[in-house]
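To start, the structure itself, in structure tokens.
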Amino acid sequence: MPTFTSRFLQALPGDPLVEVAPRQVHGALWSPVQPTKVSAPTLLAHSPEVAALLGLSEAQVRDPGFVSLLAGNTAPPGVTPFAANYGGHQFGHWAGQLGDGRAIGLGELNGLELQLKGAGPTPYSRRGDGRAVLRSSVREFLCSEAMHHLGVPTTRALSLVQTGDQVVRDMFYDGHPAPEPGAIVCRVAESFLRFGNFELCTSRDDVPLLRRLAEFTLTHYFPRLGAPSKESFAQLLVEVSERTARLMAQWQEVGFVHGVMNTDNMSMLGLTIDYGPYGWVDDFDPSWTPNTTDAEQRRYRYGNQPRIGLWNVERLGVALLPLLEDDEALVENALLAYQKTFEREAARRNTAKLGLSPQEHSIELTWELFSFLSEQETDMTIFYRALCEVVKGPSPTVFPELLKEAFYQPAPEARLRAGLEWLQKWWLRTREEDAAPQVLSERMNAVNPKYVLRNYLAQEAIDAAHAGDASGISTLLEVLRRPFTEQPGREKFAQRRPEWARSKPGCSALSCSS
Ligand code: AMP
Ligand code: MG
């Protein structure tokens, strides 16, 4: 068994109390807590790439002793397991202390933190049971890895363990609680620090604690910004702001909707973190959210994510003000950096998806395309991938059958005409690029994925796992490890969402925190 370390525990003050009863924890950034044992842990799946990052061999990960650690039944040698203390703005309102209510940190291996999600109650569990169900764990496990392979910064997932215990959930908050299989995902990241860790210190006027946390963050994760000072803290804010803006551009590019962009779910390292009621837009619909808890307001809808990213960075800026000598211009500066970065990054990525360089007239084409795509249900992934073929053709004069594949209903004549008009403009533009059509096609294929974690695909793997067959999880992981590569025989993973999945729970509608 490898030995774990923890810079976080070593450098920062912890809670002197060892007691899981829900409570407010002041003056401390973490609380020691032992995972609660589970009855029959089974390793359902693991990520070989993450194991390698941690310096673990296949045999080590599968070893029953290590699986027992991944289930929270064996203590990590070398460190005290802990829950981090943080707060957050939820759905636009300050929610006070939140903290790791069901995630327990195990410390670090090879400079990466390991965390068990669903390992039992902590002082931050409030009314929750500290557990996670299999369906949400399968979703977190698969999506963490899928996002990584798409090139989107994210926390990773080492393992998915079924606990052998049942967990009771009211899936739709409609008064029908039912037992479901429980599971634990071992998440891995350089750091799980969130905007909310900083916000909580400031909300309590605990500036010394805020300063220690910011110093720790600078020293360990942003050393090139220099020694702690007003200037380097301001730089830290700009850096986090820019990373967040880039992340938002990447989410938009692949059609990922996080679903709960509360500030406790915003990573200081610009990673996608906390996979809950997330979803992938099948049809390109800016107003879509998978989160049933947000169905009314749609705050976290697809098209609103970049704006919410900015709002969240502003909350972080306000939290850092005491370290910036209350200089609000420094926060403004970071917000400006966000806007510039997002604009540049989105323009670059959206034009690259069309095989074009990011010039003004090409950026306009991307906007025209967005309005075409959102007029009638059109599958975003299939549409863009089809363009990679169309670009090679001698002309786009006939509306290619390939593109019709992307429509969820037969398109009326007028729509086909509008599509053809756009295609012609775009196709002519591609001829102005200084690369041969074949080269453009290859470039486009490298940024337009064929395989994404469609909501219904995850749900099919979940349904099979509930019926005792977990092999669908590994198969899906295998497909998603190479999202840009044609995988003969696996076409079914790249198809349009079937009609049965249109409004099926889990495929289009999900609730928070399951
Ligand atoms: P989330 O929306 O999943 O990011 O969770 C928001 C807050 O609720 C965090 O503090 C979580 O740790 C906590 N939480 C969510 N689910 C549970 C649970 N089953 N038991 C305890 N705490 C939970
Ligand atoms: Mg969370």
Side-chain angles (χ1 to χ4, degrees), residues 20-25 29-31 33 35-36 38 72 81-105 113 115-137 139-141 143-144 154-155 157 163 165-171 173 177-185 187 189 191-200 203 257-269 271-279 289-294 299-300 308 312 315 510-514:
V20 292
R23 60 202 153 84
Q24 293 291 307
V25 176
L29 293 164
W30 53 275
S31 300
V33 55
T36 305
V38 300
F82 66 96
N85 189 9
Y86 53 81
H89 277 84
Q90 295 186 314
F91 299 95
H93 305 282
W94 175 242
Q97 177 186 298
L98 297 166
D100 287 333
R102 55 170 168 173
I104 297 183
E113 292 205 32
Q115 193 184 67
L116 302 182
K117 185 164 175 181
T122 78
Y124 309 101
S125 296
R126 294 173 291 156
R127 288 187 307 275
D129 57 7
R131 292 300 186 189
V133 293
L134 180 60
R135 63 185 151 88
S136 68
S137 306
R139 286 166 45 81
E140 171 134 19
F141 175 79
C143 202
S144 309
T154 176
T155 61
T163 59
D165 298 323
Q166 299 284 96
V167 175
V168 175
R169 285 288 179 277
D170 187 354
M171 190 168 166
Y173 300 121
E180 296 184 44
I184 296 175
V185 169
R187 308 200 282 195
S191 164
F192 289 97
L193 281 172
R194 302 138 190 274
F195 292 7
N197 296 78
F198 296 79
E199 289 180 278
L200 184 63
S203 77
V257 187
H258 183 283
V260 207
M261 292 177 67
N262 294 332
T263 56
D264 53 305
N265 293 339
M266 296 297 294
S267 153
M268 284 298 286
L269 301 188
L271 309 173
T272 312
I273 189 172
D274 272 12
Y275 292 91
Y278 71 81
T289 175
N291 186 354
T292 51
T293 320
D294 191 26
R299 178 180 173 86
Y300 298 140
I308 293 292
N312 287 342
R315 301 284 75 70
L510 295 136
S511 57
C512 271
S513 301
S514 46

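Counting convention: from 1, in listed order, for ligands and their atoms alike. Note: hydrogens, waters and symmetry copies are ignored here, and every other heavy atom, side chains too, is used.
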- [ ] Determine, considering heavy atoms only, which of G128, G276, G99, G259 sits nearest to atom 11 (C) of ligand 1.
- [x] G99
Open item on the list: One residue to check: D274. Relative to ligand 1, which of side chain, backbone, both or neither has a non-hydrogen atom less than 4.0 Å away?
Closed with: side chain
Open item on the list: Side chain or backbone, does D129 bring an N or O within less than 3.5 Å of an N or O on ligand 1?
Closed with: yes
Task: atom 1 (P) of ligand 1 [closest protein heavy-atom partner, distance rounded to 0.1 Å] - done: S513 OG, 3.4 Å
Task: Residue pair S31 / Y124: nearest heavy atoms and the distance that separates them - done: OG-OH, 2.7 Å
Task: Location of contacts on D100 toward ligand 1, heavy atoms closer than 4.0 Å - done: backbone
Task: Proximal ligand 1 atoms for G130, defined as those under 4.0 Å from one of its heavy atoms - done: 18 (C), 19 (N), 20 (N), 21 (C)
Task: R194 side chain vs N265 backbone, donor-acceptor pair below 3.5 Å - done: no
Task: Closest heavy-atom pair and its distance - T155, A189 - done: CG2-CB, 4.0 Å
Task: Proximal ligand 1 atoms for S125, defined as those under 4.0 Å from one of its heavy atoms - done: 21 (C), 22 (N)
- [ ] For a side-chain hydrogen bond (donor to acceptor under 3.5 Å, both in side chains) with Y86, tell me which candidate from N197, D100, D264 qualifies.
- [x] D100
- [ ] Would you please test V38 and R131 for side-chain contact (heavy atoms from CB on, under 4.5 Å) and show each step?
- [x] CA-CA 10 Å; V38 300; R131 292 300 186 189; 3.6 Å; yes
- [ ] Everything protein-side that's N, O or S and under 2.8 Å from the Mg ion (ligand 2): list it, residue and atom.
- [x] N265 OD1, D274 OD2
TODO: Specify whether Y300 and F91 have parallel, tilted or perpendicular ring planes, treating 30° as the upper limit for parallel and 60° as the lower limit for perpendicular.
DONE: tilted
Open item on the list: With side-chain contact (heavy atoms from CB on, under 4.5 Å) as the criterion, how do F195 and H89 come out once you've worked through the C-alpha distance, each side chain's angles and the decisive distance to 0.1 Å?
Closed with: CA-CA 9 Å; F195 292 7; H89 277 84; over 6 Å; no
Task: Residues D129, R169; criterion salt bridge (Lys or Arg N to Asp or Glu O under 4.0 Å); working and verdict - done: CA-CA 10 Å; D129 57 7; R169 285 288 179 277; 2.8 Å; yes
Task: Side-chain donor-acceptor pair present, T289, N291, cut-off under 3.5 Å - done: no
- [ ] Find out whether the Lys NZ or Arg CZ of R139 is both under 6.0 angstrom from the six-membered ring centre of Y278 and within 45° of the ring's axis.
- [x] yes
- [ ] For ligand 1, indicate whether the residue R169 contacts it via side chain, backbone, both or neither (heavy-atom separation under 4.0 Å).
- [x] side chain
Open item on the list: Working to the nearest 0.5 angstrom, can you tell me the gap between H258 NE2 and M266 CE?
Closed with: 8.0 Å
Open item on the list: Which residue and atom name correspond to the protein heavy atom nearest atom 12 (O) of ligand 1, and how close is it?
Closed with: G101 N, 2.7 Å
Task: Mode of R126 contact toward ligand 1 - side chain, backbone, both, neither (heavy atoms, under 4.0 Å) - done: side chain
TODO: Could you tell me the separation between the CZ atom of R102 and the OG1 atom of T36, rounded to the nearest 0.5 Å?
DONE: 14.0 Å
Open item on the list: If I apply the N/O under 3.5 Å rule, does V260 come out as touching ligand 1?
Closed with: no
Open item on the list: List ligand 1 atoms under 4.0 Å from N265, heavy atoms only on the residue side.
Closed with: 4 (O)
Task: Closest to atom 14 (N) of ligand 1 among R102, Q97, R127 (heavy-atom distance) - done: R102
